[in-house]
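These notes concern the structure reproduced below.
So that the names make sense, note that chain A is the first sequence line, chain B the second, and so on, each numbered from 1. Computed from a prediction, not measured in an experiment: that's the story for all the values here.
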Protein chains: 2
Amino acid sequence: MTLDPIARVRRFNRAVTSEVGALDTSFLGRGRPLGSARVLNAIGHGQSDVAAIREYLGLDSGLMSRLLRGLEDDGLIETIPHPDDARRRVARLTKAGRSEFRAYEALSNAQAKDFLTRHARPEELLRAMDLVASALGRGRIVLEEADPRRDDARYCLGEYYAELSRRFANGFDVSLSRDPEAVDMIRPRGAFLVAMSDGLPIGCVGLKGGGGEIAEIKRLWVAPSARGLGLARRLMNAAEDIARELSIKALRLDTNSALPEAQQLYRNSGWNEIERFNDDPYPDTFFEKQL
Amino acid sequence: MTLDPIARVRRFNRAVTSEVGALDTSFLGRGRPLGSARVLNAIGHGQSDVAAIREYLGLDSGLMSRLLRGLEDDGLIETIPHPDDARRRVARLTKAGRSEFRAYEALSNAQAKDFLTRHARPEELLRAMDLVASALGRGRIVLEEADPRRDDARYCLGEYYAELSRRFANGFDVSLSRDPEAVDMIRPRGAFLVAMSDGLPIGCVGLKGGGGEIAEIKRLWVAPSARGLGLARRLMNAAEDIARELSIKALRLDTNSALPEAQQLYRNSGWNEIERFNDDPYPDTFFEKQL
DNA sequence: CATAATATCTGACTTTAGTCAGATAAATTA
DNA sequence: TAATTTATCTGACTAAAGTCAGATATTATG
C-alpha cells in the first residue's frame, strides 16, 4: 500500500494554510488591517510606483487610493507626482514608515528563524522548501539582466563551480579555466542573465561577446530545486534573443560529457556539435548555433 | 556566498501565500463565501459536533450559528440535537450537501493532480512537500490507537519493513521474523498507535502484550519526512502510558545496531541493555525498562 | 431543588474588503 | 489644438467576517 499522491498534496495544502497565517501574515499583530500592511510592505520592499503596487497586489484603483490615504494619514508614507508623468504617483516611506516596516521585517525574520531552529535538520528542510517554492512560484520566475559581479550573479556562479567540481571526475578549478572578463558579459559586448524566483536567484546564463559576430554561451546553471521547470531552455532563449539584438550571427559553447542533460538540451534546440575551438582543459564537447 | 536561510524561508512563505489560494481556497469558484464553504467542508470531512467545528475553525458562536443557518436554508445540511445532551447540536450533510461536498473535493483533487503533473519530478516534489507539511503541522500531529490491520497501520508497517530491508546488510524478510499477532497489539493485551499528521499516517509503534506483566515494544517507525520532530519519543511515551494502564510492570524490546538513532533514543529514555531474550534472527541488541 | 454552568441562538453592531460610476488632471494622438 | 487615453481620486454602495451583549434551553452541581 502506498499513500495517494493527491492526498499528500492536499495534506500539504492544509498544513500550509493553517500555519502560513502565522508565518507570513505576521502583517497582523501590529494593529493594522491586512490590506494596509500589504501596501506598506510592498513600498518597503522598493515598489514605489502606485500603479505597480496596484498591479502586484491586484487591487482596485479606488481601494488602493484609500489605502494610500490611510497610510498617509498615519504618517507612514508620502506620495508625490511622478517626475516624468504627473498623472502617476510615487509613494515612499517616511521616517516613521521605515521604522514600522523594519518592525514587520523583524517579526517576519524572527518567525522564519524560529521555524528553522525548531527543526532538527534545517538544511534538509530548506532544500525541501526551495523545491516547493520553485514549483509553486514557477509562473513568477523572472529573468533579470545583471552585472556578473553583482551578489546574486556571484552566488549563481559559485554554485555553478561547486556543481562542476562535484560532477567532474577530477574536480574543477576556476583559475585553470578561462574565466570570462565581466566586461565581456555586459552590454554592448554581451550580457549576463539571472533567473529570480520570489526574490532569490535560481539560475543564470552568460553571453560572452568580443565585439565581433560570434559570441559564446557560458555559465548556464539552474538550481537543483528549480530543475524540471524548463528554466534552462528559457535562459538559453533569452540569451539568444539578446545575441540577436547585439547583431551576433552565431553562438558557440563548450561543455563536458559529465553534463549529459545540458548536451541533451543543446541538441534539442538547434545546436550542432563542432570541432574543439579552444584549449580550455575542462570541456570535451563543443557546439555551435547559427542565429 | 550562500543564501540567507531566513530569506529562503520567507521566499517559501511568499510563494505559498500567493499560490495556496489557488490550491486550497478552491472553496471559491462555487459561489459560496469562504466561511460557509469551510463549514461545509468540515462537516463533509466527518466533523459533526457543532462545538467541535467551531473550535476547529476558530469561529465565534454567533457567526457559527448564522453560517449553519445559511447552509440549512440552502438545503445542504441539517442539524439535530445531540442524543446525549440536548444543548449541543449535531450537523450532517443532506443528499444535496453530499453532492456539493463531493464537487468541492473533486475540484481540490483536480488541482492537486494538476500541480503534480506539471512538475518534471513529482516524486521528489512530494517528498519535499511531506517534509514541509510535517514541519509545519508538527503541532497538529495526533496519536491514534488503531487496529494494526487497519489501512493506515498497514501502510506504516510496510514502510517499516522496507526501511529495515534497506538498512540491514542482508535485507529483511518479515516471514523469517516473529510477526506479532494483531490480537496481541489490541486491548486488552496490547495496543497499536499510529501518528497522524493532517490526515496522513507518519509513524507508529506497537505494544505487544501476552496477558502477563511483561510486554514488548515493536514496530517503532517514523516517516523520513517527520524525523527530528521528537515523534519517536512521543510514540514511546504514549505506549508506556498505555502499558501502565494495562498494569504492565516491565517493557522489553529488541533492536539492531544498524539502527543507531533508535538505540540512542532508548538509552536516553530510561532503557537498559539486557541479554538476548528471544531467538529472532534479526535483532542483536536487547533493552528493558521497568515501569 | 435552586443555582451555576454550558451550548446555541438572536439582534445590533463594526471593520475590512471590494465594486462601480463618474470626476479630475495630465499626457498622448490625430 | 481638439479629442482620446491614462492614472488617480472620490462618493456611494455591497458583501463578508467578526464582535458582543443578552435570551433561551438544557445539564451539572451544591
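Summarising the geometry, the separation between CZ on Arg38(B) and C1' on dA16(D) is reported as 13 Å, rounded to the nearest angstrom. If you take CG of Leu34(A) and P of dA16(D), they are 18 Å apart, rounded to a whole angstrom. One atom, CD of Glu55(A), and another, C1' of dT6(D), lie 15 Å apart when rounded to the nearest Å. The distance from atom CG of Asp60(B) to atom P of dA7(C) is 14 Å, rounded to the nearest whole Å. A straight line from CZ of Arg32(A) to P of dT15(C) spans 16 Å, rounded to a whole angstrom. One atom, CG of Leu59(A), and another, P of dA17(C), lie 9 Å apart when rounded to the nearest Å. Note: CG (Leu68(B)) to P (dA17(D)) measures 14 Å, nearest angstrom. For the pair Leu63(B) CG and dT15(C) P, the computed distance is 17 Å after rounding to whole Å.
The side chain of Pro33(A) has dT16(C) as its nearest neighbour among dT10(C), dT8(D), dT16(C).
The phosphate of dT10(D) has neither OP1 nor OP2 within less than 4.0 Å of any side-chain N or O from Arg66(A).
With the nearest nucleotide of DNA chain C identified for both Gly62(A) and Ser61(B), Ser61(B) has the one nearer the 5' end.
A heavy-atom distance below 4.5 Å is found between the side chains of Arg54(A) and Ser61(A). By the 4.5 Å heavy-atom criterion applied to side chains, Thr94(B) and Glu72(B) are not counted as neighbours. Using a 4.5 Å heavy-atom threshold, the side chains of Ser134(A) and Arg11(B) count as touching.
Residues Pro201(A) and Val194(A) share a closest heavy-atom pair of CB-CG1, 3.9 Å.
A salt bridge is absent between Glu105(A) and Arg102(A): the closest approach of a Lys/Arg side-chain nitrogen to an acidic carboxylate oxygen does not fall below 4.0 angstrom.
Between the side chains of Thr79(B) and Arg89(B), at least one donor-acceptor pair of N or O atoms lies under 3.5 Å.
The stretch residues 81-93 of chain A touches DNA chain C through Asp85(A), Ala86(A), Arg87(A), each having a heavy atom within less than 4.0 Å of the strand.
Remark: Leu71(A) CG to Ile43(A) CD1 distance equals 6.0 Å, nearest 0.5 Å.
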